[in-house]
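Notes follow the structure.
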Amino acid sequence: GRPDVAANRARDALAAMAERDPDRVPLLEALSAAQSDLGRHEAANDSLRLAHAEAREVWRSQSNRQLDWLRMRFET
């Protein structure tokens, strides 16, 4: 019910997280929703774009790790 408080908490949590932390994606989505509720639609779109970009990176990283594991298993 308080999008301004939610946006501030999301920003604080994001600032404390590592860049590659997969938990950043849902926080960025929450930040986007709060910004949208505040009428800051451009900022909300930017946050959502960043969330999608980071989600792609998380997926890519997980896929690469899985592929490396399968490759090592095949080679042994």
Side-chain angles (χ1 to χ4, degrees):
R2 302 262 329 261
D4 54 336
V5 173
N8 287 335
R9 285 186 181 172
R11 277 191 215 98
D12 291 344
L14 286 165
M17 296 178 110
E19 280 187 37
R20 298 278 187 191
D21 193 330
D23 291 331
R24 286 178 53 86
V25 174
L27 274 175
L28 284 166
E29 291 170 345
L31 176 60
S32 174
Q35 290 168 327
S36 180
D37 290 345
L38 290 169
R40 299 183 197 151
H41 301 294
E42 187 174 335
N45 285 336
D46 291 342
S47 296
L48 199 54
R49 279 190 201 104
L50 184 56
H52 286 245
E54 289 194 18
R56 281 191 306 271
E57 285 300 316
V58 167
W59 178 83
R60 190 174 294 132
S61 177
Q62 289 172 343
S63 295
N64 287 342
R65 279 194 305 270
Q66 186 176 22
L67 184 60
D68 289 342
W69 180 82
L70 289 170
R71 187 177 296 127
M72 285 185 351
R73 186 173 177 199
F74 176 74
E75 290 174 357
T76 56

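Keep in mind the model is a prediction, meaning the values are calculated, not measured.
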For R11, does the CZ atom have more than 12 heavy-atom neighbours from other residues, nucleotides or ligands under 6.0 Å away?
yes
Separation of [Y] [atom2] from [X] [atom1] (nearest 0.5 Å):
| X | Y | atom1 | atom2 | answer |
| --- | --- | --- | --- | --- |
| L50 | E54 | CG | CD | 4.5 Å |
| R40 | D46 | CZ | CG | 12.5 Å |
| L28 | D23 | CG | CG | 11.0 Å |
| L31 | R9 | CG | CZ | 14.0 Å |
| H41 | S32 | NE2 | OG | 10.5 Å |

Quick check: closest heavy atoms across A34 and P3, and the distance to 0.1 Å?
CB-O, 3.5 Å
Looking at every non-hydrogen atom in both residues, tell me the closest pair between L27 and A10 and how far apart they are.
O-CB, 4.1 Å
Would the distance check show the side chain of S63 and the main-chain N or O of W59 forming a donor-acceptor pair, the cut-off being under 3.5 Å?
yes
Any M72 side-chain heavy atom under 4.5 Å of T76 side chain:
no
With side chains defined as the heavy atoms from C-beta onward, is the minimum distance between Q62 and Q66 less than 4.5 Å?
no
Using the test side-chain hydrogen bond (donor to acceptor under 3.5 Å, both in side chains), find all partners of R73 that sit at least two apart in sequence or belong to another chain.
none
Under the side-chain hydrogen bond (donor to acceptor under 3.5 Å, both in side chains) test, which residues partner S47, sequence neighbours left out?
Q35
Salt-bridge test for E19 and R24: reply yes if a basic N is under 4.0 Å from a carboxylate O, no otherwise.
no
Would D68 and R71 count as a salt bridge (charged side-chain N to carboxylate O under 4.0 Å, His left out) here? Give the steps.
CA-CA 5 Å; D68 289 342; R71 187 177 296 127; 3.1 Å; yes
